[in-house]
Amino acid sequence: MNPYHVMTLTRHKSVQSFRRYTQAADRQAAEAAFYETKRRKRKMADEMEP
């Protein structure tokens with residue numbers, strides 16, 4: 001989605017204040033993806049053990 005459309009919907013006046021929220025969301029998504037990858041690798045390793 002176009003960031004400027006989102007800014008209009010959320011009534012952010014500046015790109016800086018809007019980016020504060022999107023950067024936080026990006027960090028949370030990256031962290032969640034990291035832990036999900038670790039969980040899947042652990043599960044695969046557990047399934048391969050006799």
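With sequence neighbours left out, the salt bridge (charged side-chain N to carboxylate O under 4.0 Å, His left out) criterion links E36 to R39, R40. Residues passing the side chain to side chain donor-acceptor pair (under 3.5 Å) test with R19, sequence neighbours excluded: T22. Scanning for side-chain contact (heavy atoms from CB on, under 4.5 Å) contacts around Y4 gives N2, M7, V15, with sequence neighbours left out.
Within the structure, salt bridge (charged side-chain N to carboxylate O under 4.0 Å, His left out) contacts touching residues 41-50 (residues at least two apart or in different chains) do not occur. Within the structure, every pair that satisfies the ring pair (Phe, Tyr, Trp, His ring centres under 6.0 Å) test and touches residues 13-33, not counting sequence neighbours, is listed here: H12-F18, H12-Y21.
Counting side-chain heavy-atom gaps under 4.5 Å among Ile, Leu, Val, Met, Phe, Trp and Tyr, the cluster of F34 also holds Y35.
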